[in-house]
There are 4 protein chains.
Amino acid sequence: MDGEAKPLRADAQRNRERVLAAAEMVLARDGTAASMRTIAAEAGVGLGTIYRQFATKEALVEAIVFERARQLIELAEELANAPDPGVTFFEFFSQIVEFSTRKRSLTDALPDPDLAIDKDRSGIEQEMRRVLSALLERAQAAHAVRGDFGIDELLALLLATSLAAEKATWSDEFRERTLGFVFDGIRYRTGD
Amino acid sequence: MDGEAKPLRADAQRNRERVLAAAEMVLARDGTAASMRTIAAEAGVGLGTIYRQFATKEALVEAIVFERARQLIELAEELANAPDPGVTFFEFFSQIVEFSTRKRSLTDALPDPDLAIDKDRSGIEQEMRRVLSALLERAQAAHAVRGDFGIDELLALLLATSLAAEKATWSDEFRERTLGFVFDGIRYRTGD
Amino acid sequence: MDGEAKPLRADAQRNRERVLAAAEMVLARDGTAASMRTIAAEAGVGLGTIYRQFATKEALVEAIVFERARQLIELAEELANAPDPGVTFFEFFSQIVEFSTRKRSLTDALPDPDLAIDKDRSGIEQEMRRVLSALLERAQAAHAVRGDFGIDELLALLLATSLAAEKATWSDEFRERTLGFVFDGIRYRTGD
Amino acid sequence: MDGEAKPLRADAQRNRERVLAAAEMVLARDGTAASMRTIAAEAGVGLGTIYRQFATKEALVEAIVFERARQLIELAEELANAPDPGVTFFEFFSQIVEFSTRKRSLTDALPDPDLAIDKDRSGIEQEMRRVLSALLERAQAAHAVRGDFGIDELLALLLATSLAAEKATWSDEFRERTLGFVFDGIRYRTGD
DNA sequence: TATGAATGAGTATTCATTCAT
DNA sequence: GATGAATGAATACTCATTCAT
């Protein structure tokens, strides 16, 4: 839909990936305050090499967020036709939160209704809304999730629990227990 | 060993408050990356004036967090004997989240199990746990909240929803709707 | 010859002395990098009180140097008619150096031929030259010090050994031993 | 574990030298209170350029001191086998003092028994003691210097006269005359 | 008159970004 | 293309000095 115009030379592509991997690791460890120099060192490339691929630090961070969003979308798409829509929905929710525990700043990948929405960002966010809506609707059709629970509320609660998990590093056990209460509030019940 | 020793000269007190107010505003807007100079300018005082009251930037931020935590605790204490424990509990939860919508970084006031806990911080966090536990237990005794919902889960969900509300600036209407689902998962139901 | 015009109120005089004493102590300990606030705290007075007596930090430092110079001069004058001019001369030399070991920056009290010489400074320096010359000449007249050793060389060697003693904090024993060599070079010898 | 690892790019090397030269000059003029900005301006480079070569101001100052110490050592080593040990010894002493007249703060290169001694510093100071001891012992063996004059006293008097020469900027003529008296005190005499 | 609160220029240092090698 | 040296704006913090209380 944009960008990736020329298919990058092989070595350039390899460098791009090394930088992304290093940046992901360093940012996860040090937060966005991490310096470009640190990232370059971790990637084993020169500073200039990063700037060849990413115009600014902001662009690099965005690329990572973008990448993560793509992974989420991919995962959601794989699950689009999974056998049990209800179980699938809740497991997917849980998985996203677990992801956040491990990778700091993943939450930036979730649509932020506030931020100035540039083209690229908007595109992927739309896509995320789309795939999440699909999972949600299937779960509702299967009478596993309440019908009055909308996509905006889903995004809000995903963001909420992911942020908290990220900030406080929830244990697996604690995550499941806490999410359990949220899920109980969302779950379809006879009489709704 | 605490502080509040001498009762500050009138002008010093006024400046202290101006600095705190300005810092709260600027930090809410720009995050903790905001510069001391910006805060001083916003407060209409010289840089040195800030440093007279707060030894470091960190101390200033902590003072704000501390102040907010104290407000929360005060509110919770006022509600400790309110007539309807169930309604009180859920309204309190909602109010905290609403607070976050207006004042960014309030969430720092909620206990963060992770961070190195210095004495002062630890004190206020213990207090917050205590008052929140009291509200929770009263609501549980009144069969308004599930008995298996603990203080840690409460803190986690408060943090979660506050962070999200803060990040995305939820409207009143959206907040009530979204929290409604969470509350439904927490609420006591016959058969538990 | 100047300054001390009005004879200062009793309390003002007391404050002046407290400040001087504190400043001497603090400057000796921390060097001239010591802050005015530290000095005020040590003296147990407010910052303003220091500035009432000394227009600038520089003026305060100068006052101390001045004070020390006056002490040296006084000592030299007391010795002007001491019984053994030779012993007196060398003991005086040694005492000045010992002084430097204890009080940092005393060396500033010794005439510095370089510096822009303001009126006050010049006055006391002239005086110091005068009293030192007197001691020296008496020692030479008594055939205790070589006749070709002049006042400029005396000042230079006093400054030299004082600076070194100050910088390296010589022990009593080391000072006497080291000065011994210098004295041997100055001492009158048959055949001169 | 030492340093001189990679042989610096040509431009980096040139800048390093420009910085060192500028720092030497500025520090000589303004003392160690001189600001990094002033040094950068004098060197005609950006502030960051200094910090690329020297991690802190302290490191820069140390580098200069180190450099000077190395020059002294080199000079001393060249003289280690000079024909007349006595003349050599006194000329070397005089040369060091003359050096100080031109380059302020050289005296920092002389071992300071006081200061916290870090590894590098300690290394070079040991070396300086060693080469000076060698010169001294040769002069003593040649009956040019008194046998009871030790390396510590030598270092003390070198420091003393260098500091004074630095502070007061002695003329060539005055230096020779004044040092003459010191030398006379050190010199070997029949009857010792 | 004494106090210490307020001021803001000045300091060392960091870091995103540019550009010569 | 890749490297990393150079740049300088920006940051937290200090301190001599002034001035309201």
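The chains referred to below are lettered A, B, ... by the order of the sequence lines, with proteins before strands, and numbering in each begins at 1.
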| field | Worked verdict on Gln53(D) versus Val19(D) for side-chain contact (heavy atoms from CB on, under 4.5 Å) | value | CA-CA 9 Å; Gln53(D) 304 281 350; Val19(D) 167; 5.7 Å; no

| request: Please list all pairs passing the side chain to side chain donor-acceptor pair (under 3.5 Å) test where one or both residues lie in residues 34-45 of chain D, with sequence neighbours left out. | output: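 Only Ser35(D)-Thr38(D) qualify under side chain to side chain donor-acceptor pair (under 3.5 Å).
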
List the residues meeting side-chain contact (heavy atoms from CB on, under 4.5 Å) with [X], not counting sequence neighbours, and say none if there are none.
X        : result
Ala21(C) : none
Arg70(A) : Phe66(A), Glu74(A), Ile124(A), Glu127(A)
Ala55(B) : none
Glu17(A) : Gln13(A)

| message | Could you measure the distance from the CD1 atom of Ile39(C) to the CD atom of Glu24(C)? Nearest 0.5 Å is fine. | response |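 So the CD1 of Ile39(C) and the CD of Glu24(C) are separated by 11.0 Å.
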
Provide, to the nearest angstrom, the distance between the [atom1] atom belonging to [X] and the [atom2] atom belonging to [N].
X        : N       : atom1 : atom2 : answer
Arg14(C) : dT1(E)  : CZ    : C1'   : 13 Å
Arg18(A) : dA2(F)  : CZ    : P     : 11 Å
Leu27(C) : dC15(F) : CG    : P     : 14 Å
Gln53(D) : dA6(F)  : CD    : P     : 6 Å
Asp11(A) : dT3(F)  : CG    : P     : 10 Å
Ile39(C) : dC15(F) : CD1   : C1'   : 12 Å
Asp30(D) : dT11(E) : CG    : C1'   : 14 Å
Arg16(D) : dG4(F)  : CZ    : P     : 18 Å

Please tabulate the protein-to-nucleotide N/O contacts below 3.5 Å involving nucleotides 10-13 of chain F, giving atom names and distances.
from: dA12(F); atom 1: OP1; to: Lys57(B); atom 2: NZ; distance (Å): 2.7
from: dA12(F); atom 1: OP2; to: Met36(B); atom 2: N; distance (Å): 3.0
from: dC13(F); atom 1: OP2; to: Tyr51(B); atom 2: OH; distance (Å): 3.3
from: dC13(F); atom 1: OP2; to: Lys57(B); atom 2: N; distance (Å): 2.8

| request: Test Asn15(D) against Ile50(D) for side-chain contact (heavy atoms from CB on, under 4.5 Å), laying out the working first. | output: CA-CA 8 Å; Asn15(D) 272 331; Ile50(D) 298 187; over 6 Å; no

| Nearest-nucleotide comparison on DNA chain E, the residue closer to the 5′ end among Asn15(C) and Gly44(B) |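 The residue closer to the strand's 5' end, by nearest nucleotide, is Asn15(C).
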
| request: Report yes if some heavy atom in the side chain of Ile64(D) is under 4.5 Å from a heavy atom in the side chain of Arg68(D); otherwise report no. | output: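 Yes. Closest side-chain heavy atoms under 4.5 Å.
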
| task | Please map the stems of DNA chain E, keeping only stretches of three or more Watson-Crick or G-U wobble pairs with both distances under 3.5 angstrom. | result |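 As far as DNA chain E goes, consecutive pairing (with distances under 3.5 Å) yields the stems E:2-21 with F:2-21.
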
| task | Hey, which sits more toward the 5' end of DNA chain F by its nearest nucleotide, Gly48(B) or Arg52(A)? | result |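 On the 5' side of the pair lies Arg52(A).
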
